[in-house]
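Residue numbers start from 1 in every chain, and the chains themselves are labelled A, B, ... in the order their sequence lines are given, proteins ahead of strands.
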2 protein chains.
Amino acid sequence: MRTKIDTDSFGFLFNDIARITRGVFAREIEASRLPVTAAEARVMAHMARSGPTRQHLLAESLGMTPMSLTGFLDRLEAAGLVAREADPKDRRAKIVTLSPKAAGTLAQIAQAGERTEQLISNGLCPEDWQTFLKTARQLRAHIDGPRGAASKAEDTV
Amino acid sequence: MRTKIDTDSFGFLFNDIARITRGVFAREIEASRLPVTAAEARVMAHMARSGPTRQHLLAESLGMTPMSLTGFLDRLEAAGLVAREADPKDRRAKIVTLSPKAAGTLAQIAQAGERTEQLISNGLCPEDWQTFLKTARQLRAHIDGPRGAASKAEDTV
DNA sequence: TCTCTTTGTTAGCTTGCCTTACTATATGTG
DNA sequence: CACATATAGTAAGGCAAGCTAACAAAGAGA
């Protein structure tokens, strides 16, 4: 049996890359004096893509529980970057929107992301990098479904 | 200027993949009733590669602070998977080793890792996947140096 | 009406790190 | 030799990014 532990195995490899990238990104963010974390940036990015959305739908799109999203939104709202508005069609629900102020923050986040990408990728040949990104996109598209949307079929514990 | 926020950008992409993978791996680990977390498994994997090592060298190879490693080792030691031995050459130092019991645990971790890899990669064509892994290895080798010098050649005590 | 579900939240836990002391020991300098 | 300084590990405590469990308010269906 050749299932030996190996720091080059897929799981460790990816976690390492993500962890190191997160660190570089965090430093870029801090250097820009942006009052958001990487995970908060992710929430904002999804909001920018979706437009005004109910919280539970946004949570689903992010692959997190509504409760986890509540925490992120609390902080983003306190920072004046998002707003929770009443849904006229359902008085339980809230519709979250990005504030006008968020546009500038999003642009700065994107710039920090680009600097991070340059720092991380600058040892690889550009073609390899593009291929890499392309496969990564395919991969995420493939694994995002089973957990984010369609996993209702088998949550019978 | 194409610095617009984009959930397909490198940072989000990788974080998503790592996060989802971590979730799948955690479920595999739990299904095997292994008493270790992913980060603890990483510590053990590095120990297996390095052999008996002083704590601060292991911490450096893992890219974490000695204090963070202390916590992991406390739990692994309590679980009987690692031992801290006195270094005869320096009474401040401790040399950490894997216990005999660790071998079986490592093998099970490796199996959980393989199942995870299969679950994650089963939508991609195998060639793409191999190319992807290869680039990932290059990438990590490249970014690991600047911050941790992790792949230092000698860790002989 | 009466029950069942959905929406968001309060409270509290876990994991995986971090910084800031602090002790014990080693090591170099006058 | 004494003393200053550096190093190895640790105790204490914090923070981010999630989680579950329990619940109130509101909708939806019988």
Taking only nitrogen or oxygen atoms into account, show me every contact under 3.5 Å that the protein makes with nucleotides 9-14 of chain D, one pair per line with its distance.
| residue | atom | partner | partner atom | Å |
| --- | --- | --- | --- | --- |
| D:dG9 | OP1 | B:Q55 | N | 3.2 |
| D:dG9 | OP1 | B:K94 | N | 2.8 |
| D:dG9 | OP1 | B:K94 | O | 2.9 |
| D:dG9 | OP2 | B:H56 | N | 2.7 |
| D:dG9 | OP2 | B:H56 | ND1 | 3.2 |
| D:dG9 | O3' | B:K94 | NZ | 3.3 |
| D:dT10 | OP1 | B:R84 | NH1 | 3.2 |
| D:dT10 | OP1 | B:K94 | NZ | 2.9 |
| D:dT10 | OP2 | B:Q55 | NE2 | 2.9 |
| D:dT10 | OP2 | B:T70 | OG1 | 3.0 |
| D:dT10 | OP2 | B:R84 | NH1 | 3.1 |

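As rounded to whole Å, 14 Å separates atom C1' of D:dA24 from atom CZ of A:R91. Between B:R22 atom CZ and D:dA17 atom P there is a gap of 11 Å when expressed in whole angstrom units. Atom CD of A:E30 is separated from atom C1' of D:dC15 by 13 Å (rounded to the nearest Å). Computed from coordinates, the A:N15 CG to D:dA17 C1' distance equals 14 Å when rounded to whole Å. Rounded to whole Å, the distance from CG on B:L69 to P on D:dA8 is 13 Å. If you take CD of A:E77 and C1' of C:dT9, they are 13 Å apart, rounded to a whole angstrom. Rounded to whole angstrom, the span from the CE atom of A:M64 across to the P atom of D:dT20 amounts to 13 Å. Rounded to an integer number of Å, the gap from CG of B:D87 to P of C:dT25 is 14 Å.
Proximity of B:Q111 to B:E114: side-chain heavy atoms (C-beta onward) are nowhere separated by under 4.5 Å.
Residues meeting the salt bridge (charged side-chain N to carboxylate O under 4.0 Å, His left out) test with A:E30, sequence neighbours left out: none. With sequence neighbours left out, A:D6 forms a salt bridge (charged side-chain N to carboxylate O under 4.0 Å, His left out) with no residue at all. Applying the side-chain hydrogen bond (donor to acceptor under 3.5 Å, both in side chains) criterion to A:Q55, with sequence neighbours excluded, gives A:R84. Contacts of A:F25 classified as ring pair (Phe, Tyr, Trp, His ring centres under 6.0 Å), with partners at least two apart in sequence or in another chain: none.
Here A:T65 does not reach the OP1 or OP2 of D:dG18: none of its side-chain N or O atoms lies under 4.0 Å away. Note on A:S68: a side-chain N or O is less than 4.0 Å away from OP1 or OP2 of D:dC19.
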Table please: side-chain donor-acceptor pairs of residues 118-129 of chain B below 3.5 Å, with sequence neighbours left out.
| residue | atom | partner | partner atom | Å |
| --- | --- | --- | --- | --- |
| B:S121 | OG | B:E117 | O | 2.8 |
| B:W129 | NE1 | B:E117 | OE2 | 2.9 |

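Both B:F12 and A:V43 belong to a single network of hydrophobic side chains, linked directly or stepwise wherever heavy atoms of I, L, V, M, F, W or Y lie under 4.5 Å apart.
When each of D:dA16, C:dA26, D:dG27 is scored by its nearest atom to the side-chain atoms of A:D90, the top-ranked nucleotide is D:dG27. Nearest nucleotide to the side chain of B:F72, out of C:dG16, C:dA26, D:dA26: C:dG16.
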